[in-house]
Novice: 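Take a look at this one; I'll ask things after.
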Amino acid sequence: MSVSAEHLVTTVEQLAALYGAPSPNALVVLATAGPEGLDCTPRGDPPGFVRVVDRQTLLLPDRRGNNRVDSLRNIVVDPRIALLFLIPGVGETLRVNGRAAISVDPALCASFVMADKAPRSVIVVTAERVYFQCPKALVRSRLWDPSRHVDRSSLPSSGQILAAIRPGEIDAEAVDRAYPQRLKETIY
């Protein structure tokens, strides 16, 4: 499948028109940035959700999230991108560095439908460097060791964290009660 230039998002204004305003609660997300404005966010779907088009091109659907679109905004301004592929239980990782563009081609978006919902856009990655990473860091951290997994109830809930960040604005219990249903309704 080829990517048509007429369907590429090339300005921050186009991105804002496509995604709209961010969720108010998303404004408390802590993002890290280096001197060149980098952002790192997790992405995921069932296995195979990143589509390999050819030796240099990957397609990645941009699934529904909090509408902060930090990564997408960065791509519009600076197309450099880095991907780190993690597979649960596998220590080796794959890193891909390259350049990206954002496509809103209706046919391309429709090809990524999940649960009857298409992504608003597809990230088109042109790989420039691909690295195989040894498992040493994941082995040292024991990331995949179930005996090391944290009991979620030992940490503050999402609602409690949001309420602490925005005192008087967030009802922690209401956020936590509503979250399971909101997740079901907005996963795709």
Side-chain angles (χ1 to χ4, degrees), residues 1-23 26-114 117-138 141 143-144 186-188:
M1 176 171 276
S2 65
V3 178
S4 168
E6 73 178 288
H7 294 293
L8 295 181
V9 176
T10 58
T11 68
V12 173
E13 292 76 20
Q14 287 174 307
L15 197 58
L18 179 64
Y19 281 86
S23 161
L27 295 177
V28 303
V29 172
L30 175 67
T32 59
E36 297 174 301
L38 301 177
D39 174 68
C40 185
T41 60
R43 305 292 169 124
D45 246 347
F49 79 99
V50 175
R51 192 175 298 159
V52 177
V53 176
D54 56 41
R55 289 183 51 85
Q56 273 195 293
T57 311
L58 302 174
L59 301 176
L60 176 70
D62 185 60
R63 297 286 180 212
R64 190 172 179 165
N66 58 23
N67 271 1
R68 283 190 55 89
V69 298
D70 295 315
S71 297
L72 298 178
R73 190 178 301 106
N74 286 348
I75 290 169
V76 168
V77 174
D78 181 344
R80 291 177 297 166
I81 193 169
L83 304 172
L84 175 65
F85 291 87
L86 296 166
I87 301 171
V90 175
E92 295 84 7
T93 62
L94 184 70
R95 295 181 349 194
V96 176
N97 292 346
R99 304 218 172 250
I102 303 165
S103 175
V104 293
D105 181 321
L108 183 58
C109 290
S111 75
F112 282 97
V113 166
M114 288 289 291
K117 294 183 181 167
R120 288 189 191 162
S121 65
V122 174
I123 300 170
V124 181
V125 177
T126 301
E128 294 172 342
R129 291 181 184 87
V130 178
Y131 305 95
F132 176 76
Q133 189 74 40
C134 77
K136 289 177 186 167
L138 295 181
S141 70
L143 180 66
W144 305 128
T186 63
I187 191 83
Y188 288 103

Novice: Of all heavy-atom pairs between F49 and F112, which one has the smallest distance, and what is that distance?
Specialist: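 For F49 versus F112, the nearest heavy atoms are O-CE2, 3.5 Å.
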Novice: Who pairs with R120 by salt bridge (Lys or Arg N to Asp or Glu O under 4.0 Å), at least two apart in sequence or on another chain?
Specialist: none
Novice: So do I123 and L59 actually touch side chain to side chain, heavy atoms under 4.5 Å?
Specialist: no
Novice: Going by the rule salt bridge (Lys or Arg N to Asp or Glu O under 4.0 Å), which residues pair with R64 if we only count those two or more places apart in sequence or in a different chain?
Specialist: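 Salt bridge (Lys or Arg N to Asp or Glu O under 4.0 Å) list for R64, sorted by chain: empty.
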Novice: Would you call P46 and M114 a side-chain contact if the rule is heavy atoms closer than 4.5 Å?
Specialist: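 Side-chain contact under 4.5 Å: yes.
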Novice: Please identify each residue that fulfils side-chain contact (heavy atoms from CB on, under 4.5 Å) with V113, with sequence neighbours left out.
Specialist: A118
Novice: Under the salt bridge (charged side-chain N to carboxylate O under 4.0 Å, His left out) definition, can you give me all pairs with a residue in residues 6-15, not counting sequence neighbours?
Specialist: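 As it turns out, there is no salt bridge (charged side-chain N to carboxylate O under 4.0 Å, His left out) pair with a partner in residues 6-15 once direct neighbours are skipped.
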Novice: Less than 4.5 Å apart, side chain to side chain, heavy atoms only: is that true for I102 and V124?
Specialist: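 Counting from C-beta outward, I102 and V124 never come under 4.5 Å.
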Novice: So, W144 side chain and L138 main chain: donor-acceptor pair closer than 3.5 Å or not?
Specialist: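 Not confirmed, W144 side chain does not pair with L138 backbone.
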Novice: How long is the straight-line distance from OG of S141 back to NZ of K136, given to the nearest 0.5 Å?
Specialist: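 So the gap between those two atoms works out to 14.5 Å.
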Novice: If you look only at distance, which donor and acceptor atoms sit under 3.5 Å apart when one is on a side chain in residues 50-58 and the other is two or more places apart or in another chain?
Specialist:
unit_1, atom_1, unit_2, atom_2, d
R51, NH1, S111, OG, 2.9
R51, NH2, S111, O, 2.9
D54, OD1, Q56, N, 2.9
D54, OD1, T57, N, 2.8
D54, OD1, T57, OG1, 2.9
D54, OD2, T57, OG1, 3.4
Q56, NE2, A127, O, 3.1

Novice: D62: which residues meet the salt bridge (Lys or Arg N to Asp or Glu O under 4.0 Å) condition with it, sequence neighbours left out?
Specialist: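 D62 satisfies salt bridge (Lys or Arg N to Asp or Glu O under 4.0 Å) with R43 once adjacent residues are dropped.
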Novice: Please report the closest heavy-atom contact between L72 and L15, naming both atoms and the distance.
Specialist: C-CD2, 3.6 Å
Novice: Not counting sequence neighbours, which residues clear side chain to side chain donor-acceptor pair (under 3.5 Å) with S103? List them please.
Specialist: none
Novice: Rounded to the nearest 0.5 Å, what separates atom OG1 in T11 from atom CZ in R73?
Specialist: 12.0 Å
Novice: Restricting to pairs with a member in residues 100-114, which pass salt bridge (charged side-chain N to carboxylate O under 4.0 Å, His left out), not counting sequence neighbours?
Specialist: none
Novice: Please output the side-chain donor-acceptor pairs of residues 92-101 that fall under 3.5 Å, not counting sequence neighbours, one pair per line with the distance.
Specialist:
unit_1, atom_1, unit_2, atom_2, d
R95, NH1, Q133, OE1, 3.0
R99, NE, E128, OE2, 3.3

Novice: For P119 and C109, which heavy atoms make the closest approach, and how far apart are they?
Specialist: CD-O, 3.3 Å
Novice: Quick one: do V125 and L83 satisfy side-chain contact (heavy atoms from CB on, under 4.5 Å)? Show the steps, please.
Specialist: CA-CA 9 Å; V125 177; L83 304 172; 4.2 Å; yes
Novice: Taking side chain to side chain donor-acceptor pair (under 3.5 Å) as the test, write out the residues that go with Y188, two or more places apart.
Specialist: D45
